[in-house]
Each structure stands twice: as structure tokens, then as C-alpha cells.
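Report on the structure given below.
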Amino acid sequence: MAEAKATIYPEPRARVRAMKEYHPPLGNRDTLRLDFNENTLACSPKVCEVLEKISAGALTRYPEREPVEALVAARLGVAADQIALTNGVDEAIHVLFEAFLGDELLLPVPTYTMYEVYASATDTRVVAVQAADDLRFPFDRLLAAITPRTKIVAIANPNSPSGSVATREQILELARRAPHALLLVDEAYFHFHGETVIDLVGKVPNLMVARTFSKAYGLAGLRLGLLAGQVESMCWVRRVLSPYSVNSLALACLPPALEDEAYLNWYVREVLAARIEFEAVLDAAGVRRWPSHANFVLVEIGAHHSEFVRLMSSKGVLLRDRSSDPGCAGRVRITIGTREQMRHAALALDESLGALRAEGGKR
Ligand SMILES: Cc1ncc(COP(=O)(O)O)c(C=O)c1O
């Protein structure tokens, strides 16, 4: 009998072995998706027209990023060599961290999960600065946590899941107080807030700004984002960024998405109107909420948060339980869609809260 051979498995780096698995709760999302802060409706019809015309021949070629980068740069008022298109903001975070991290990453928490995920694959100490119960941007605590070892300070502005914002003055002060570090301002939800620091790119040397096409533009499935910063930093980012990570379908769709400002503005206005209506529903129901500058709102459900999310899901409304985020026990994040969608969500909310209260009465 042949002797069984010992199988040798190559071990990954210790850092990778220590990483937590990250499984976003996708699957069976063919319903009202108020769980991932996406556009809940559609992208511009102009994007679909372009997609329909893409030829088989066009798919045989490697994607060429530079011409579209130049177009986006001109729109945003930055130079073409100050910008890189990426496979979503997630790739922007990944390559920025690959290029620069080590030492310390400074993060206000709770915040977007992927900063910590990508940092944990590098030799970096994550310094998490907890926001107070009001979940406002913890500006003073962040300033106090800057050390000579701080390499990157990452701020989502507006932040997820809280919806809170940092002011332009606070961002400038952070950049001034950490001149040896990069300050990443992730403006994924910019369109719902309307304030940006992208005009400071190149002027504030350590500022990096990220934007996504996954949210207001409704192109999450195409994976399209960008990173902007001074040329001296962007040239290192480009060393680790694949020249082909933004595929040709995404590149073809970007110009019509940018051009159709009327559609983008309509969608943003619709969401903001829906947020006002839905916040009134939450207030009337006595549900605590945090002020939001984005297309979502964080609410306090309490001990029965999982049951609430399950009840809402059984009524066709998907929400995101954020209870395991730091300082967020019992809290659930609700994406804001159109007014019509949110009226449907409001009915489901009333019924679910009613069911929870009735259960509570029996307990
Ligand atoms: C703050 C923030 N940044 C980035 C992203 C991801 O963007 P993208 O889809 O472009 O990778 C998200 C998604 O939820 C987010 O909340």
C-alpha cells in the first residue's frame, strides 16, 4: 500500500492569520434594501444606454483608465496626476494602507469597518478613539491621540454608521496637527451632505480624499471609486495599484453617470425629502435616532435589536444591525431610499415595534 503523504499547507503571514473574517450579510436581497446604504432605485438611464451598446470586441481589450481619470479630475477641479480611479473606495483604502501603513492608524469609532480590516493585514497598531454617546465627531479626543507614530488618520465624512460629520475647520486643524501623517477624508456620502474638502487637495499636502460611485450614483455593482491627493503621495499609491483594477464596463459608464447631473440631483433631493419624513415617523414612534448628514439613519432599538431586524426582514425590509460596532449596542442602521419606499418601511416599522411591545408585555 502506498504510504500516505503528509500534506504541507503553506501558512499565511501571522498578521493574516490573526485577521477576523468579514462577511457582509448579502444574499436574498431582492427586496427593499435598506441595509447597505446603496442607491435603492437605479443609476441614471444614460448609464444603461451606454451599457447596452458595449460590444463583444470592446471586452477583449484591457481597460484604459487614464482618459476617464482626466475627465473626472477636470470635473472635480484637481489635476489628472492628483487622482486615481479605483475598484470602489475599498480598493482606495486598501492601496493607500498598503503604500503607507505601519506604525499607527488613528480612527474615530464607530466607523466604516474596512479601515480596520485593511489595516489589520499590515504591521499597524490601530488606535481607535471612541465617540461619546452622542456619536459626534470626537475631534478633541482625536487631536489628543496623535503621536509621532501616527501614519494615517482615517475619517469618513459623513461617518457611517453614525451619520455625523467633521467640519472643514476640524479637518484642517487635524491636518495641521499631524503634518507627519496622511489624513484620509472618505467622502463616500458627500452628495447627501454637500460639503467637501476636495478643493484642498494639493494645497494641504497631507490630505487625501476618497469618493465613491456606489452610493448616490447607484453604481455599487460596477465597483468604482477614486482617491485624490498631492502628486507626491499619489505616485506611491500608483505603485501598488493595479493598472487594470477598474474594468472597462465601469470606465465606459462613468462619463454618462457624471454628465447626468439632473438624475443625480433628483435622487439626492428625493432621499433628503424621504429622510425628513422618515425621521418624523421615528420621532412619533419614540425611537431615539442620531442626526444624520447621509442617506441613512442610526436608531436605538435596545435589547431586542436582532428580533427587530428579523421582523422587518420578514416584512420585506432589510436593515443593518450595528450592535457589534463599538459603542453601538442595541443600534440599527436604516438606509434612506425614496419617499415611497420609506412609507412602506414606516408601516413595517410600526408593525414590528408593535409586535416587540406586545411580546415585551407578555414577558
Ligand atoms: C464610509 C464608506 N466608505 C466607503 C464605502 C465603500 O465604498 P465602495 O463601494 O466604493 O467600495 C462605504 C460603504 O458602505 C462607506 O460607508
Side-chain angles (χ1 to χ4, degrees), residues 22-26 29 33-40 43 72 76 83-98 105 107-119 128 131 135 137 152-166 171 183-193 195-198 208-228 237 241-242 245-247 249-251 253-254 257-258 271 290 292-298 318-322 325-326 328 331-337:
Y22 176 60
H23 293 293
L26 295 162
R29 296 183 67 236
R33 301 170 279 110
L34 306 184
D35 50 350
F36 277 81
N37 299 344
E38 298 154 323
N39 175 314
T40 54
C43 63
V72 178
L76 295 178
I83 205 170
L85 288 175
T86 56
N87 192 275
V89 167
D90 280 0
E91 189 190 30
I93 300 166
H94 196 176
V95 292
L96 184 70
F97 286 12
E98 276 298 308
L105 167 71
L107 280 184
V109 294
T111 192
Y112 182 49
T113 316
M114 297 311 287
Y115 305 133
E116 197 157 354
V117 170
Y118 288 130
L135 295 184
F137 180 60
I152 295 184
V153 185
I155 301 170
N157 199 38
N159 187 34
S160 176
S162 60
S164 67
V165 285
I171 290 166
L183 175 60
L184 170 65
V185 180
D186 176 349
E187 297 186 347
Y189 301 101
F190 154 71
H191 297 92
F192 305 102
H193 178 41
E195 287 179 26
T196 180
V197 288
I198 206 153
M208 311 293 293
V209 177
R211 287 274 184 93
T212 186
F213 293 86
S214 297
K215 306 296 179 184
Y217 283 98
L219 298 173
L222 281 182
R223 310 304 300 127
L224 202 45
L226 64 86
L227 185 66
V237 167
L241 178 64
S242 157
S245 61
V246 181
N247 70 64
L249 297 185
L251 290 174
C253 290
L254 221 170
L258 280 176
V271 167
W290 280 261
S292 171
H293 296 261
N295 64 335
F296 54 84
V297 57
L298 187 72
L318 301 179
L319 306 179
R320 193 75 180 272
D321 196 337
R322 301 289 354 174
D325 285 21
C328 286
R331 295 171 192 177
V332 171
R333 194 189 63 197
I334 307 177
T335 300
I336 304 293

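Both counts, for ligands and for their atoms, begin at 1 and track the order of listing. FYI, side chains are in, hydrogens and waters are out, and symmetry mates aren't considered; it's all heavy atoms of this structure. Just so you know, these numbers come straight off a predicted model, no measurement behind them.
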Interatomic spacing from CD1 in I336 to OG1 in T40 - rounded to 0.5 Å: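 It comes to 9.5 Å.
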
Passing candidate, side chain to side chain contact (heavy atoms under 4.5 Å, CB included) with F137, options I171, I155, N159: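 So, applying the side chain to side chain contact (heavy atoms under 4.5 Å, CB included) to F137 and each of I171, I155, N159, only I155 qualifies.
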
Proximal protein residues to ligand 1, non-hydrogen atoms under 4.0 angstrom: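 Only G88, V89, D90, Y112, A156, S160, D186, A188, Y189, T212, S214, K215, R223 have heavy atoms that fall under 4.0 Å of ligand 1, ordered by chain and number.
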
Aromatic contact, Y189 with F296 (centres under 6.0 Å):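 They qualify: ring centres under 6.0 Å apart.
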
Plane angle bin for H191 and Y217 - parallel if under 30°, tilted between 30 and 60°, otherwise perpendicular: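 Perpendicular, since the angle between the ring planes exceeds 60°.
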
Carboxylate-amine/guanidinium proximity below 4.0 Å for E38 and R29: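 A salt bridge is present here (some side-chain N lies under 4.0 Å from a carboxylate O).
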
Considering all heavy atoms, the nearest D90-M114 contact: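 Heavy atoms of D90 and M114 come nearest at OD1-CG, 3.7 Å.
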
